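Small disclaimer: the values here were computed from a predicted structure and weren't measured.
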Amino acid sequence: QVMLVESGGGLVQSGGFLRLSCRASGFRVADYAIGWFRQAPGKEREGVSCDSSSGGSTIFLDSVKGRFTVSRDNAKNTVYLQMNNLKPEDTAVYYCAADADTTRRCPENGMDYWGKGTLVTVSS
């Protein structure tokens with residue numbers, strides 16, 4: 001059974017930090033590109049980051065560069081999104097997704113598996 005389960009969302013004040021986790025089952029995250037996406041109310045879903053696992057640099061949305069980082073723990077089959085210096089405009093439901101084709105840049109309409117999302121709310 002293939003699943004991705006996000007956790008770690010919650011309410012945080014502006015300038016604070018959160019660490020989101022994405023645990024996979026039914027496949028190995030080491031073999032997949034992992035993307036983080038977010039969707040705020042009334043807005044389109046947008047890509048936050050993409051980690052190809054192919055040795056290249058992680059790609060980030062311009063508005064989160066320098067504030068967000070990603071990492072993997074292959075032994076735990078889990079990926080993480082560390083979010084620092086959070087801003088109210090970061091408020092959204094955050095999703096992780098996996099793509100078996102690691103040569104792409106996590107295209108939203110091409111990801112193989114999606115989690116259900118976790119809500120991050122940043123107060124001003």
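There is no path of hydrophobic side-chain contacts, each under 4.5 Å, that joins Val5 to Val2. Taken together through direct or relayed side-chain contacts under 4.5 Å among Ile, Leu, Val, Met, Phe, Trp and Tyr, Val93 and Leu18 form parts of separate hydrophobic clusters. Linking ILVMFWY side-chain heavy atoms closer than 4.5 Å, directly or via other members, places Phe37 and Phe60 in two distinct hydrophobic clusters. No chain of hydrophobic side-chain contacts below 4.5 Å, direct or via other Ile, Leu, Val, Met, Phe, Trp or Tyr residues, connects Ile59 to Met111.
Taken to the nearest 0.5 Å, the CZ atom of Phe27 stands 7.0 Å off from the CG atom of Asn77. The structure places NZ of Lys65 at 12.0 Å from OG of Ser49, a figure rounded to the nearest 0.5 Å. Atom OH in Tyr95 sits 13.0 Å away from atom SG in Cys22 (nearest 0.5 Å). For the atom pair SG of Cys106 and CG of Asp51, the computed distance is 7.5 Å after rounding to the nearest 0.5 Å. For the atom pair CZ of Arg38 and CD of Glu89, the computed distance is 8.0 Å after rounding to the nearest 0.5 Å. A distance of 10.5 Å separates OG in Ser52 from CG in Asp101, rounded to the nearest 0.5 Å.
Salt bridge status for Asp90 with Lys87: absent, with no side-chain N to carboxylate O gap under 4.0 Å. Classification of Arg28 and Asp31 as a salt-bridged pair fails, no side-chain N sitting under 4.0 Å from a carboxylate O.
The two residues Gly47 and Leu61 have their closest heavy-atom pair at O-CB, 3.5 Å. Across Met83 and Leu86, no two heavy atoms sit closer than the pair CB-CD2, 3.7 Å. Nearest heavy atom pair, residue Asp99 against residue Gly110, reads OD1-O, 3.8 Å. Residues Glu6 and Lys116 share a closest heavy-atom pair of OE1-N, 3.1 Å. Nearest heavy-atom pair across Thr91 and Val122 is OG1-N, 2.9 Å. Considering every non-hydrogen atom in both Leu119 and Ala92, the closest pair reads CD1-O, 3.6 Å.
Under the 4.5 Å side-chain criterion, counting only non-hydrogen atoms from C-beta, Val29 is in contact with Asn74. Side chains of Phe68 and Leu81 form a contact here, defined as non-hydrogen atoms less than 4.5 Å apart.
Stacking of Arg45 on the aromatic ring of Trp114 is recorded, both the 6.0 Å distance cut-off and the 45° axial limit being met.
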Side chain to side chain contact (heavy atoms under 4.5 Å, CB included) assessment of Phe17 paired with Asn85: CA-CA 6 Å; Phe17 57 89; Asn85 192 24; over 6 Å; no
Test log, rule side chain to side chain contact (heavy atoms under 4.5 Å, CB included), inputs Tyr80 and Val70: CA-CA 6 Å; Tyr80 305 94; Val70 298; over 6 Å; no
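Other residues, nucleotides and ligands contribute over 12 non-hydrogen atoms within 6.0 Å of the CZ atom of Arg104. Environment of CZ in Arg23: sparse, with no more than 12 heavy atoms of neighbouring residues, nucleotides or ligands closer than 6.0 Å.
Looking at Ser14, its side chain never comes within 3.5 Å of a backbone N or O of Ser124 through a donor-acceptor pair.
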